[in-house]
Every structure is written in C-alpha cells, then in structure tokens.
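Just so it is clear, the values below take in all heavy atoms, side chains as well, and ignore hydrogens, waters and symmetry mates. Throughout, a chain's letter reflects where its sequence line sits, starting with A, and its residues are numbered from 1.
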Amino acid sequence: MSSPDKHVYSDEVLTRYLLGELPSEQADKLDELSVADDEFAWRLNAVENDLVDGFVRGELPHESRKRFESFYLSSAKRRQKVEFASGLLELEKRSAVQFKNTASAARRPAWWHGANLFLQWGFAAAALALLLLAGYLFVDNTRLHRQMDEAGKRGQEQELARQHEAAENQNGDHARDTSSVPAQLNTVALLLPSPTRGIGRVEVVSVHPGTDLVVLVLTLEPNDFPHYRVSLKDTATRQEVWHSSDLASSATGGRKTVVVSVPSKLLLQQRYLAQLMGVQPDGAAVPMGDYPFGVVLK
Amino acid sequence: MHLKNWTPTQDAFRQFLDWLDEGGGSGGERYLELRRRLVLYFDRRNCLTADELADETLSRVAQKFQEQGEITNISPAHYCFVTAKFVFLEYTRRAEHSHKSLGDLPASGGPGEIAAAAADRESELKERTLDCLERCLKKLERDESALILEYYQGEHREKIQSRRLIAKRLGLSGNAVTIRACRIRNKLEICVRTCSEKE
C-alpha cells in the first residue's frame, strides 16, 4: 500500500507517536501505515531506534525523557529495545576506553628501541582488533609490519616505537586473558573509487587529533598482479612523502581493494595522490592509477 | 512459523506465504516482517500479549485466504492491519485484560527491597545483554557488523555526518542505508533476545 499523505509526518511527529502523545485519530492513521506501508514502517523503525539510542545516551529533551520513562518503558518489549541500545552504547564506550588506555601507554618515555618480532606482532594484532571494533577495515598483521618498517625507514621510528610499546602492553594483557578484547588504534578510513570511475571526485578525510592511522581503501579494476605498492605524493610538488611495501589485494564489500595504512603524523592539510602500482613477479612496478584525496586536519 | 488455532496444510501455508509476498519470493521473510509490525502495533497499544495477538491476526488472515481462495482489492499488509484492528477491539472488550496488568505484578517487598532487587537484576541483565550482543555480532557477516557499529555510534551531529559518509562510501541513498541498518539491527535484536532468554 502506498499512502500519498505519509510524507507529511516529520520525525518529530513520529517520535510523538512512539511516545503515545498523538491524538487518537492521528495515531490510528499512523498505526495503519506502520503495518501496511513498507516505506513508512522502515522509517518508523529508524526513528524508534534513534529515539531509544537518544534515551540511553541522555540526549532527549527533559519532557521527552519524562514521557519516554512513563510511556515507552511501560512495555516489556520496549524495555528490551532499551536494554539492547544500552548494550550497543556500552560496547562503544568500552572500545573508547581501551583506545584511551592504549593512547596513554603510548605517551610513556620511549625506552623501547629497535623492532623485535614479538612486539611487531603485538602491534599488528592490536591494530587488527581495533580496526574491527571501529567498524572499519581489517588490516592483516603482515601488512602492518611492512608498513611500520617502511615508516621506520622514513624517520618515524620513534613514533612507531611508542605505538609498539602500547601494543606490547596490550599483548601482555592477551597473554593473561585471551578472551579480552585487545586495545585499538585510532583509525579513520577513506574509500577511494577506482580512478576510471571516480573522475572529478576528490574524497576528503578528516583527521582528528589522536588519529594514529589513515586507512586508505583503493578500489581496483580487474587485474592479475600478485602484489601492489602505493606511493603517496604531494599533489602540488609531486614529491613522494611516503611509500608502502608490497601489499596483497583483498575483497572489501564485494570489491577487490588494496588497503594501505598511512601513519597520520605524516599528513598535512592538503591534497595528496595515492599512486597505485602493480608489482609483477619479476619485481617490476607498473603504474595503475592515481587516487587523489584531500586531508583536513581537525 | 506459528499460526494460532489453525493448522494449515503445507500447500495452503505455502500459498498463504506466496500471497503475502505479492510475487516477491521472500522465502517467509515477508511473513516474519508483517508479524514483527503487528507485534509492535499491539505493543504500542499497550496490549500485554502482543505476540499472541499478532499470531491470532495472521491465523485469521490465513484462514480467510484459504476459505476464499483469494483476497483482492486490498494489499495483504493492509488486510492484515484491518484484521488486527478487529483483534485489538476484541482484546479490549475482554474484561479480564483490564485487570491482568495488576494481577501480573510480582509480589513485592518494601521500597528498599524493590530498589535493591531491581539494581541487582539490572546489573545482571546488563552483563547478560552485553555478552549476548558480542556473541551475536560475531554471527553477523563482517560487513554487517561493521555497518551497524559504525551507523549507530556517536553523538547526534557526529552520527548524522557519519551516516552521510557511510551512504556515500557504499554508493547508496541515505534511505537505503537506513533500511539496511534497521534490518541488521532487527536481526541482531532478535538474536540478543533469544540468547538472553536461553541463559
């Protein structure tokens, strides 16, 4: 069923409906739409989720909160929704606390020198789990090793050492309790379309203070290269500011992609080009395309 | 699938599902979605037995469909709603329901005991919900769990901006992303509820 007047209902009206505040005539109409109209039913579903999330986050205005407590929470089913939303929020908070712990560990004096394998794996494991929790992308351990090594060669040893130290601490926790969730690095991801499909578009990534890695996801056109390499260049000067080691491709959202993590400390507020090269079995690199993107430092 | 007070033949039930699908071939998903909406409708009407009333509604619709062979001039979802209204009216007329809510209240001690018991229960419930949520998230497809964690996190403004970016990244309209997120959340909520009830 499609109702021509369903669009007149704002989110505010839907919220009042969910809080039992509408006159019965109007509520009857919305009852009907909530069952018989697909589009309306999904919209109502979305508004209800946001209402419940708003309640558990303490974002509701005073009157709405009171109404929520007196009306919405009177139903056991609706209380279950609230419990669920609280759980989601709790997960988010816990992952934030874990990140904070990692960050604070990273600020300790850098007594750690040199990269040993144990620490490298700890770093990679922490990064992997945190990327997972952040809802972004999985970055495999090996790739992070290589990127770390590359960054190290480019004078980033000290910064990465601090990150390793944090990872080491985290790794120690793992040894004690393998069921605990590892700490996370603060990452921000940017999906870059294939150059042939994204002509004219420049994606922008916002880098907030405390961001450790900018994860670039380069979408590939079909090809058969066993490995790839990414060179990051300043768009204006064309000078290389960083390059990756050899990377494997992976499938992200049904698309073939190359995922590369760039230490955010290297980035300034400007435009960059991520130049992708396919690496042939004999080691020769073949240019595949330029992925422009901009950085905004927050 | 549970149809209250009516046991259809396999054939009749399949035909009923096909009719609900309106050619969509959802494999029973449409039935579940309509049942979910009916439960919510009865629940918003503060019915104590929303699940039973939703089943009663679908049972009546299915029986009617079997008797008549077809129901025309009205969409299946709309027909379900019309039937639900009658079920609701009958529910409100049954005098016992008006007292059931009070009768269902558990025996309670003094205010102090209630508060202490409630706090204990809340804490236990919270841990159980979290445990189930983590387990259920692992059961989702990787891109589904990533989407739901990203879509529902953050404060108000941050959330709006983040959702725009998700839509852009996935190459979908904001509406399409919202529906996808709602579907995943519904699935997750059901999983968490089932998990919590088992424990």
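The local environment of CD in Gln269(A) is crowded, with over 12 non-hydrogen atoms from other residues, nucleotides or ligands closer than 6.0 Å. Around the CD atom of Glu12(A), the shell of radius 6.0 Å holds no more than 12 heavy atoms that belong to other residues, nucleotides or ligands.
There is no contact between Arg180(B) and chain A, counting heavy-atom distances below 4.5 Å. Using a 4.5 Å cut-off between heavy atoms, Val39(B) contacts chain A through its side chain alone, with no backbone atom that close. Interface residue Tyr152(B): backbone and side-chain heavy atoms are both found under 4.5 Å from chain A. At a 4.5 Å heavy-atom cutoff, the contact between Ser74(A) and chain B is made by side-chain atoms alone. Only the side chain of Leu137(B) comes within contact range of chain A, judged by heavy atoms closer than 4.5 Å. Proximity to chain B (any heavy atom under 4.5 Å) is shown, for Ala85(A), by both the backbone and the side chain. Only the side chain of Leu44(A) comes within less than 4.5 Å of a heavy atom in chain B; its backbone stays farther off. Neither the backbone nor the side chain of Lys85(B) comes within less than 4.5 Å of any heavy atom of chain A. In this structure, the portions of Arg185(B) lying under 4.5 Å from any heavy atom of chain A include both its backbone and its side chain.
Checked for salt-bridge contact, Arg36(B) and Glu33(B) meet the test: a charged N lies under 4.0 Å from a carboxylate O. A salt bridge is absent between Glu48(A) and Lys81(A): the closest approach of a Lys/Arg side-chain nitrogen to an acidic carboxylate oxygen does not fall below 4.0 angstrom.
Residues satisfying the disulfide (SG to SG under 2.5 Å) criterion with Cys47(B), sequence neighbours excluded, are absent altogether. In terms of the side chain to side chain contact (heavy atoms under 4.5 Å, CB included) criterion, residue partners of Ala46(A) (sequence neighbours excluded) are, by chain and number, Thr178(B), Cys182(B). Here Glu144(B) pairs with Lys187(B) under the salt bridge (Lys or Arg N to Asp or Glu O under 4.0 Å) rule; sequence neighbours left out.
In plain terms, the two heavy atoms of Val177(B) and Ala167(B) that are nearest each other are CG2-CA, 3.6 Å.
The aromatic rings of Trp19(B) and Tyr79(B) sit perpendicular, their planes meeting at an angle over 60°, well past the 30° parallel limit.
The interface of residues 49-56 of chain A with chain B, defined by heavy-atom distances below 4.5 Å, comprises Asn49(A), Asp50(A), Asp53(A).
Side-chain contact check for Arg45(B) and Thr92(B): no donor-acceptor pair (N or O, by modelled atom type) lies under 3.5 Å.
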